[in-house]
Amino acid sequence: MNNKEMITGSEALLRSLINEGVDTIFGYPGGSIMPVFDALYDYRNKFRNVLVRHEQGAVHAAQGFARSSGRVGVCIVTSGPGATNTLTGISDAMLDSTPVVVIAGQVSSSVLGTDAFQEIDFVGITQPITKWSYQVRRPEDVAWAVARAFYIAGTGRPGPVVLDFTKDAQVSMVDYQPATVDSVRSYIPYPTPSNSAMEEAARLINEAERPLMLVGQGVELGEAHEELKTFVEKSGIPVARTLMGLSAFPTDHPLCVGMLGMHGNYGPNVNTNKCDLLIAVGMRFSDRVTGKLSTYAKQAKVIHIDIDHAEINKNVRADVPIVGDCKEVLAGLTALVQPREHSEWVKSFAEYNAIEYDKVIDKALNPTEGPLLMGEVARKVSEATANSAILVTDVGQNQMMSSRYFKFKKPHSILTSGGLGTMGYGLPAAIGAKMAMPERTVCLFTGDGGFQMNIQELGTIMEQGVGVKMILLNNNYLGNVRQWQELFFNHRYSWTPMLNPEYSLIAQGYGIPSRLVIERSELDEAIQEMLATDGPFLLHVAVKEEDNVMPMTEPGATISDMRFE
């Protein structure tokens, strides 16, 4: 008796995705992936298939889906230009440790290497920018490849995986059997922390008088929010957060001392070079955080906790490296450290931040005249959402201003392109975030430059009815580049002024309600209208054209040497 069920490789792919718990796919059909989309027609009740308007948008949407939900994001595209259009998103996911699986069509195995129509060596291109890149040439390999892809993408330090799926493997028949992968030779996603390192770290923590904790996105990826809070409240150590780690620790916690980095808060940046112990958790010591490495925290002992051994001693030498899952490590350290308070040390942050408030923040949030400012818009939107929204940003001044002035109560509440700095990330990422977390308010902050880079994804919003609240901060410039031109290139605004379209007409064309705000007196009412509107909304705010993000550490300068104007 023959109990075999023969199905195509395309259907085997879809069943394998179901086996991984996938219910949402962001994609764009084409010739070399058409068999998969044909099979998808019969699985319409199993998947929410989201037709994006550009393949770059597919990956960014999958990133937004993944980072807001903690699940692996999935996109399916065709070969050639469809595949190469995903490269920016894949690179972004690699640098920001975002778990996505990109499935690309490929020409048939028989014509590989012949420069066939829309053939490109996608595996070769993507190997340096993925955790794993693999070409599926036989339908028998589909179930195993999908299971392995999801295992690699979602475990350890997450990241992107590419499956390049030849057309003959899509149409050939296979006796499908589900596969499970729970180990890969030489791949250790969750290293066991060293007991001696843990004990030495606890000793340094117990002896420290001016300890400072630097928290990155790794706490979010490791779901270690409660372990972090418990550790901090027992040890009394102040917490500074990276841009990517802003929602890993609540803004209003008494031990939260602000944001690190080039446009971070004055207190944590100055005190980085005054602390006697630096405890870095799930962060990679980016140049945007450290500034000039030769002057960075030279007075301090350094404990570096990270799941990825490659980050240890890469930029900053660690006196005590702990390679392991931060959730496990923080719980272990909590048991070893003594209850402490560092009242005077914590107070010193407030003193520095009071200087920043007088010189920068008060002017940014409480202007009485002149054009609207980016900072005041961000803070008002945050407060109107009870500081509980998911903030999605594009890249540039809109990113820095919204990140500085938003407040965060809940985990997984900031989605931004940190490592690659991808303009055009914001709009599709916000779509993915809202589709993953429909019960949460998703606020996209974008500039007039980045918004236009993937503006076609308004079509995805229209078709899917995705209720993203879009706040367009329009200063008629490529604002971040203009700021650098002002400060470092003698006000030579070379190709940064923007002649912009009438955004309300564009929104109208996509059936999206919008409102233009020019006067400060209209802002509160317009924000309430946006939030009260069922579905998407574009709030177009005309802001001061030559507003700058301050304070700022100049490139190559010591991180604590910040300028205020």
Side-chain angles (χ1 to χ4, degrees), residues 7-17 25-44 47 49-62 73-94 100-130 132-146 149 160-174 422 424 428 453-454 456-457 459-460 463:
I7 60 175
T8 65
S10 294
E11 189 171 354
L13 171 69
L14 299 181
R15 292 199 189 183
S16 298
L17 292 177
I25 298 169
F26 301 93
Y28 205 95
S32 290
I33 199 67
M34 206 174 296
V36 170
F37 276 84
D38 181 67
L40 195 56
Y41 191 83
D42 294 325
Y43 281 75
R44 287 167 293 174
F47 296 102
N49 190 50
V50 181
L51 175 65
V52 295
R53 295 328 191 239
H54 190 282
E55 291 89 353
Q56 182 183 349
V59 189
H60 291 327
V74 179
C75 57
I76 301 179
V77 300
T78 194
S79 65
T84 58
N85 279 345
T86 67
L87 293 177
T88 297
I90 293 170
S91 303
D92 193 285
M94 187 66 177
V100 294
V101 172
V102 177
I103 300 162
Q106 183 56 278
V107 301
S108 292
S109 302
S110 60
V111 294
L112 284 171
T114 68
D115 292 334
F117 179 65
Q118 292 190 335
E119 180 193 359
I120 198 77
D121 181 8
F122 196 46
V123 169
I125 292 172
T126 56
Q127 278 180 335
I129 55 171
T130 56
W132 185 51
S133 188
Y134 181 77
Q135 187 173 79
V136 180
R137 297 188 183 185
R138 305 185 316 146
E140 291 84 0
D141 296 334
V142 169
W144 165 84
V146 170
V161 168
V162 159
L163 293 179
D164 193 42
F165 199 6
T166 63
K167 198 167 185 178
D168 51 318
Q170 296 173 44
V171 299
S172 298
M173 305 300 287
V174 63
T422 305
M453 282 201 168
N454 273 316
Q456 76 283 340
E457 298 309 326
T460 307
E463 184 168 302

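Index from 1, following the sequence.
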Inset, instruction - Apply side-chain contact (heavy atoms from CB on, under 4.5 Å) to the pair I103 and L17, showing each step before the final yes or no. - result: CA-CA 11 Å; I103 300 162; L17 292 177; 4.2 Å; yes
Legend entry - Heavy-atom closest pair, residues G105 and D164: O-OD1, 3.7 Å
Legend entry - Closest heavy-atom pair and its distance - V111, A116: CG2-CB, 3.9 Å
Inset, instruction - Give the minimum heavy-atom separation between A104 and I33, together with the two atoms involved. - result: C-CD1, 4.2 Å
Inset, instruction - Keeping the roles fixed (side chain from R53, backbone from Q456), state whether a donor-acceptor pair exists under 3.5 Å. - result: no
Inset, instruction - Mind checking the OH-CG spacing from Y43 to L13? Nearest 0.5 Å is all I need. - result: 10.0 Å
Inset, instruction - Hey, could you give me the CG/OG1 distance between D121 and T84, rounded to the nearest 0.5 Å? - result: 12.5 Å
Legend entry - T86 side-chain N/O to A83 backbone N/O, donor-acceptor pair under 3.5 Å: yes
Inset, instruction - State whether a side-chain donor-acceptor pair under 3.5 Å links D168 with Q170. - result: no
Inset, instruction - Rounded to the nearest 0.5 Å, what's the gap from SG on C75 to CD on Q56? Could you check? - result: 11.5 Å
Legend entry - Any donor-acceptor N/O pair, D92 side chain to T88 backbone, under 3.5 Å: no
Inset, instruction - Using a 4.5 Å cut-off on heavy atoms from C-beta on, say whether the side chain of K167 contacts that of P35. - result: yes
Legend entry - Value rounded to 0.5 Å, distance of CZ in R15 from CD1 in I7: 4.0 Å
Legend entry - Min side-chain heavy-atom separation V161-V100 under 4.5 Å: no
Legend entry - Shortest non-hydrogen separation from V59 to G89 and the atoms involved: CG1-C, 3.5 Å
Legend entry - S79 (side chain) donor-acceptor with Q118 (main chain) under 3.5 angstrom: yes
Legend entry - Distance-minimising heavy-atom pair for L51 and P29: CD1-CD, 3.7 Å
Inset, instruction - State which residues pass salt bridge (Lys or Arg N to Asp or Glu O under 4.0 Å) with E55; sequence neighbours excluded, sorted by chain then number. - result: none
Legend entry - side-chain contact (heavy atoms from CB on, under 4.5 Å) assessment of Q106 paired with V123: CA-CA 10 Å; Q106 183 56 278; V123 169; over 6 Å; no
Legend entry - Within 6.0 angstrom of Y28 OH, more than 12 heavy atoms from elsewhere: no
Inset, instruction - Give a yes or no on this: more than 12 heavy atoms of other residues, nucleotides or ligands lie within 6.0 Å of atom CG of D42. - result: yes
Inset, instruction - Could you list the residues that satisfy salt bridge (Lys or Arg N to Asp or Glu O under 4.0 Å) with D141, not counting sequence neighbours? - result: R138
Inset, instruction - Any chance you could lay out the side-chain contact (heavy atoms from CB on, under 4.5 Å) test for L87 and F122, step after step, and finish with the verdict? - result: CA-CA 10 Å; L87 293 177; F122 196 46; 3.8 Å; yes
Inset, instruction - May I ask you to check whether T8 and E11 show a side-chain donor-acceptor distance below 3.5 Å? - result: no
Legend entry - Cation-pi, F47 ring and R44 (6.0 angstrom, 45 degrees): no
Legend entry - Distance in Å, I90 CD1 paired with I129 CD1, rounded so as to fall on 0.5 Å steps: 5.0 Å
Inset, instruction - Would you check, one step at a time, whether the test side-chain contact (heavy atoms from CB on, under 4.5 Å) holds for V142 with F165? - result: CA-CA 9 Å; V142 169; F165 199 6; 3.7 Å; yes
Legend entry - Under 3.5 Å donor-acceptor, E119 side chain and G113 backbone: yes
Inset, instruction - Check the side chains of S133 and T126 for a donor-acceptor pair under 3.5 angstrom, ignoring hydrogens and angles. - result: yes
Inset, instruction - Work out which heavy atom in M94 is nearest to a heavy atom in T130; give both atom names and the distance. - result: CE-O, 3.6 Å
Inset, instruction - Look at the side chain of S32 and the backbone N and O of T78, then say whether any donor-acceptor pair between them is shorter than 3.5 Å. - result: no
Legend entry - Option passing side-chain contact (heavy atoms from CB on, under 4.5 Å) with F26 (candidates V74, N49, V102, V50): V50
